[in-house]
K.L.:
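Here's a structure for you.
Below, chain A is the first sequence line, B the second, and so on; all start at residue 1.
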Amino acid sequence: EDQVTQSPEALRLQEGESSSLNCSYTVSGLRGLFWYRQDPGKGPEFLFTLYSAGEEKEKERLKATLTKKESFLHITAPKPEDSATYLCAVQGAQKLVFGQGTRLTINP
Amino acid sequence: DGGITQSPKYLFRKEGQNVTLSCEQNLNHDAMYWYRQDPGQGLRLIYYSQIVNDFQKGDIAEGYSVSREKKESFPLTVTSAQKNPTAFYLCASSIDREGGQETQYFGPGTRLLVL
């Protein structure tokens, strides 16, 4: 069975303090790994898709990387507006499986 | 602007009542999905549809029903058989479930509360 585990569950950082969120997965036949951002009371907003180990993608202060067992979402010099829940999902042969998310808070 | 709309934003259900959540997309996507989100849990798939007039059960379909009469629309009915319906419901769509390019885009969600 495909599984996704995100850590930590919650992370509190000071503005400008860089860190990484982890997404560990087990899947038979990875077809894609997805990162989303979700603000309270809103639908997830698509950030990145990664397809193969070694792939990296960047968007503003965010950079996603992928290995055969996990993905990292690196956030560099975050700002308060980066506060949100970040969701990771993997696409195997059958369906998209989501992790429970990491709730990120950036204090000014 | 292309996107996915869900209505209403909030919905209240009385005991024994069926309620229907609306989902419309103008992205010309073939596949559409319904998820349920509960605090501290990942999104769970309720139903999905790859083409008009066809849909499949997801992991937690019991107590729910759907229809797909038009490409743009995928309404979800929460029936009285669903004993714990309080949750945030998310609709999503993607280009083609089978083609490999399956990035799903989400609507703004509907929060269902039980009176």
K.L.:
Using heavy atoms and a sub-4.5 Å threshold, report which of residues 40-48 of chain A line up against chain B, by residue number.
P.N.:
A:Gly41, A:Lys42, A:Gly43, A:Pro44, A:Phe46
K.L.:
Indicate whether any N or O donor in one side chain lies under 3.5 Å from an N or O acceptor in the other, for A:Ser24 and A:Thr5.
P.N.:
no
K.L.:
Given a strict heavy-atom distance threshold of 4.5 Å, which part of B:Gln37 is in contact with chain A: side chain, backbone, both, or neither?
P.N.:
side chain
K.L.:
In this structure, is the centre-to-centre distance between the rings of A:Tyr36 and B:Phe106 below 6.0 Å?
P.N.:
yes
K.L.:
Below 4.5 Å from any heavy atom of chain A, which atoms of B:Leu90 appear? Answer side chain, backbone, both or neither.
P.N.:
side chain
K.L.:
How would you list, in number order, the residues of residues 98-108 of chain A that have a heavy atom less than 4.5 Å from chain B?
P.N.:
A:Phe98, A:Gly99, A:Gln100
K.L.:
Does a donor on one side chain sit under 3.5 Å from an acceptor on the other, for A:Glu70 and A:Asn22?
P.N.:
yes
K.L.:
So if I apply the side chain to side chain donor-acceptor pair (under 3.5 Å) rule between B:Ser93 and each of B:His29, B:Gln25, B:Glu24, which one comes out positive?
P.N.:
B:His29
K.L.:
Any salt bridge between B:Lys71 and B:Asp30, counting N to O under 4.0 Å?
P.N.:
yes
K.L.:
Sort and list the pairs that fulfil side-chain hydrogen bond (donor to acceptor under 3.5 Å, both in side chains) and have at least one residue in residues 53-62 of chain A, not counting sequence neighbours.
P.N.:
A:Glu56-A:Lys63, A:Arg61-A:Asp82
K.L.:
Distance from A:Lys69 atom NZ to A:Tyr25 atom OH, nearest 0.5 Å?
P.N.:
10.0 Å
K.L.:
So how far is it from B:Ser65 OG to B:Tyr47 OH, rounded to the nearest 0.5 Å?
P.N.:
6.5 Å
K.L.:
Could you work out, with side chain to side chain donor-acceptor pair (under 3.5 Å) as the rule, every residue matching A:Asp39, not counting sequence neighbours?
P.N.:
A:Arg37
K.L.:
Give, for atom NZ of A:Lys95 and atom CG of A:Asp2, the distance between the pair rounded to the nearest 0.5 Å.
P.N.:
8.0 Å
